[in-house]
Amino acid sequence: LVSYTTLIDGHCKNGSLEEARQLFGRMIELGISPNEFTYTAMMNGCFRKGLRNEGMQLYDEMKFAGVVPNLYTYNSLIAEYCKGFNLNPAFQLFDEMRQRGFAPNAVTYNILIGGLCRQRKLKDAEKFLAKMRREGVVPSIVTFNLLMNGFCKSGEMGNAVKLLDRMKDGGFSPTAVTYNVLISGFSRSADLVGAASAFKEMKMRGLVPTKVTYTILIGAFARGGDSERALEMYRSMESYGLQGDAYTFGVLIHGLCTEGNMKGAMDVFRSMTSKRLKPNNVIYDTLIFGYCHQDNAFRALKLIREMRENGMVPNIGSYGMTIRLLCKEGKCKEAEVLLNEMRVAGFLPN
RNA sequence: AACCCCGAGA
C-alpha cells in the first residue's frame with residue numbers, strides 16, 4: 001500500500017497523471033484498498049492538472065469506500081478552492097473540518113491566507129492571521145511570505161517592508177523566498193534601487209540567491225528595456241553554477257522580443273536546445289508575438305507549424321495576430337487554413 | 001507514503 005501510494009504520488013508530482021491512474025486501478029485489482037494517503041495524493045494529482053471534477057469524484061469515492069478524509073485531505077480541498085478563487089466553499093470546508101474534529105494546522109491557515117491575498121483581501125488576510133494566533137496555531141515563515149507577497153502584488157511595498165521588520169522582530173528568519181518576493185515586488189514597482197538593496201541584504205544575511213532570484217532580476221532589467229544587462233545577469237547566474245530553466249529563458253526572450261531584437265531572441269531560443277531545455281508553448285507564443293510586431297508573418301507561421309509538430313497548441317493571440325498579418329499581406333488562403341486549425345483546436349475565433 | 005510560499009507570454 002505504501003509503495004503504491006509513493007509511486008502514485010511520484011507520478012502525480014511529475015505530471016504523469018495517466019500513469020498514476022493506471023497504478024491506482026492496478027492496486028485495486030490486486031485487492032489493495034487505497035487509504036486516505038492514496039486518495040489524497042491522487043486528488044492532488046488531478047487538481048494540479050486542473051481536473052477539479054475528477055479530483056472531487058475521487059473525494060466522493062473515498063467517502064463512499066468508507067475511507068475518512070483527514071487534515072491533509074481537507075487542506076488539499078481547501079487549496080483547490082482557493083486556487084480557483086472560490087473562497088466561500090474553502091471557508092465552508094474550514095468550518096466543516098473543525099466540526100468533524102480536525103484541528104486546522106498552520107498549513108490550513110496558510111492556504112486560506114494565500115487565497116485571501118490572491119483576491120487582494122489583505123485586511124482580511126491579516127485578520128485571519130490574528131485568528132490563527134488566537135486559536136493557538138503558530139504562524140510559519142510561509143505565512144509571512146504569503147502576506148508579503150500579497151502586499152507586493154498590490155504595490156504596497158511600504159507594508160511589505162514593515163512586515164519584514166515585524167517578522168524579524170518576531171524571531172522569524174527571512175528565507176530566500178522572502179527576499180525573492182520582495183525583489184520581485186520592487187521590480188514590479190519599477191524600483192530597481194529597492195530591488196538592488198533587497199538583493200544586497202539577502203546576500204549579507206548569508207542567503208544564497210537561487211535560480212528564481214536571478215530570473216526575477218533578469219526580468220527586472222528586461223522589463224526596463226535593458227536586455228544588455230539582463231543577459232549580463234544571466235551570465236552571472238551561470239558563473240555561480242546555476243542553470244536557467246524555461247522561466248529564465250522566457251523572461252530573456254520576452255525582453256528581447258519587446259525591444260524588437262528578434263535575432264537576439266532567436267539566439268537565446270536556440271541556446272535552449274543546446275542546453276537540452278525544451279522550449280514550451282509560452283516561449284513559442286512570445287516569439288510569435290515578437291515576429292508579428294515586426295510584421296513578419298512568415299516567421300510567425302513557421303513557429304506555429306513548429307509548435308504543432310511538437311504537439312503544442314498556440315494560444316488564441318498567436319493565431320489571431322498571425323491571421324491578421326496574413327490577411328494584410330493578401331495571403332488569404334494561408335489565413336483560412338489557420339482559422340480552420342483554430343476551430344479544430346477548440347478556439348472560438350474572436 | 002499524501003497538504004502551504006517566490007519567477008516568464010497572451
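Note on naming: letters A, B, ... go to the chains in the order of the sequence lines (proteins, then strands), and numbering restarts at 1 for each one. Quick note: numbers below take in every heavy atom, side chains included, and nothing from hydrogens, waters or symmetry partners. Bear in mind the structure is a predicted one, so any value in this text is a computation, not a measurement.
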Exercise. Choosing from B:rA1, B:rC3, B:rG7, which nucleotide comes nearest the side chain of A:Y72?
Worked result: B:rC3

For this session: Would you mind reading off the distance between A:M167 atom CE and B:rC6 atom C1', rounded to a whole angstrom?
Result: 12 Å

Exercise. Checking only heavy atoms, does the side chain of A:N70 share a donor-acceptor pair with the base of B:rA2 at less than 3.5 Å?
Worked result: yes

For this session: Can you tell me the distance, in whole Å, between the CE atom of A:M233 and the C1' atom of B:rG7?
Result: 13 Å

Exercise. Base, sugar-phosphate, or nothing: which does A:T286 touch, judged by heavy atoms less than 4.0 Å apart?
Worked result: sugar-phosphate

Exercise. Closest to the A:V282 side chain: B:rC6, B:rG7, B:rG9?
Worked result: B:rG9

For this session: Would you kindly give the CE-to-P distance between A:M312 and B:rA8, to the nearest whole Å?
Result: 20 Å

For this session: Would you indicate, yes or no, if B:rC3 has its OP1 or OP2 atom less than 4.0 angstrom from a side-chain nitrogen or oxygen of A:K13?
Result: yes

Exercise. Checking all strands, does A:T40 fall into the base, sugar-phosphate, or nothing category for heavy-atom contacts under 4.0 angstrom?
Worked result: base

Exercise. According to a strict under-4.0 Å criterion, is A:K83 in side-chain N/O contact with OP1 or OP2 of B:rC5?
Worked result: no

For this session: Answer with base, sugar-phosphate or nothing: what part of the nucleic acid does A:A246 contact at a heavy-atom distance below 4.0 Å?
Result: base

Problem set entry | Candidate nucleotides B:rC3, B:rC6, B:rA1, ranked by approach to the side chain of A:S76 - the nearest | B:rC3

Exercise. Within the structure shown, what part of the strands sits under 4.0 Å from A:V177 by heavy-atom distance: base, sugar-phosphate, or nothing?
Worked result: base

For this session: Measure the distance from CE on A:M62 to P on B:rA2 and round it to the nearest whole Å.
Result: 15 Å

For this session: State whether A:E156 and A:K123 are salt-bridged, where the test is any N-O pair (Lys NZ or Arg NE/NH1/NH2 against Asp/Glu carboxylate O) under 4.0 Å.
Result: no

Exercise. Does A:L326 offer a backbone N or O that forms a donor-acceptor pair with the side chain of A:E334 under 3.5 Å?
Worked result: no

For this session: Would you state whether a donor and an acceptor, one from the side chain of A:N35 and one from the base of B:rA2, lie under 3.5 Å apart?
Result: no

Exercise. Has A:R52 got its NZ or CZ under 6.0 Å from the middle of the six-membered ring of A:F47, at an angle within 45 degrees of the ring axis?
Worked result: no

For this session: Over 60° means perpendicular and under 30° means parallel, so classify the ring planes of A:F128 and A:Y109, tilted if in between.
Result: tilted

For this session: Assign A:N315 to base, sugar-phosphate, or nothing according to its heavy-atom contacts below 4.0 angstrom with the strands shown.
Result: base

Seminar exercise, completed: Between CG of A:N110 and C1' of B:rC4 the distance, given in whole Å, is 5 Å

Exercise. How close or far is atom P of B:rC6 from atom CZ of A:F199, stated in whole angstroms?
Worked result: 20 Å

Exercise. When the ring planes of A:Y74 and A:Y59 are compared, do they come out parallel, tilted or perpendicular, using 30° and 60° as the limits?
Worked result: perpendicular

Exercise. What nucleic acid atoms does A:N44 come within less than 4.0 Å of, heavy atoms only: base, sugar-phosphate, or nothing?
Worked result: sugar-phosphate

For this session: Kindly indicate whether the side chain of A:N280 and the base of B:rA8 share any N or O donor-acceptor pair separated by less than 3.5 Å?
Result: yes

Exercise. A:R223 side chain N/O closer than 4.0 Å to the phosphate oxygens (OP1, OP2) of B:rG9?
Worked result: no

For this session: Run the ring-centre check on A:Y72 versus A:Y39 and record whether the distance is less than 6.0 Å.
Result: no

Exercise. Which part of the nucleic acid does A:V181 contact within heavy-atom distance under 4.0 Å: base, sugar-phosphate only, or nothing?
Worked result: sugar-phosphate

Exercise. Taking CE from A:M272 and P from B:rG9, how many angstroms apart are they, rounded to a whole number?
Worked result: 15 Å

For this session: Could you tell me the separation between the CG atom of A:L71 and the C1' atom of B:rA1, rounded to a whole number of Å?
Result: 16 Å

Seminar exercise, completed: Ranking B:rC3, B:rG7, B:rC5 by distance to the side chain of A:L146, first place goes to B:rC5

Exercise. Which part of the nucleic acid, if any, lies within reach of A:T248 when heavy atoms closer than 4.0 Å are counted: base, sugar-phosphate only, or nothing?
Worked result: base

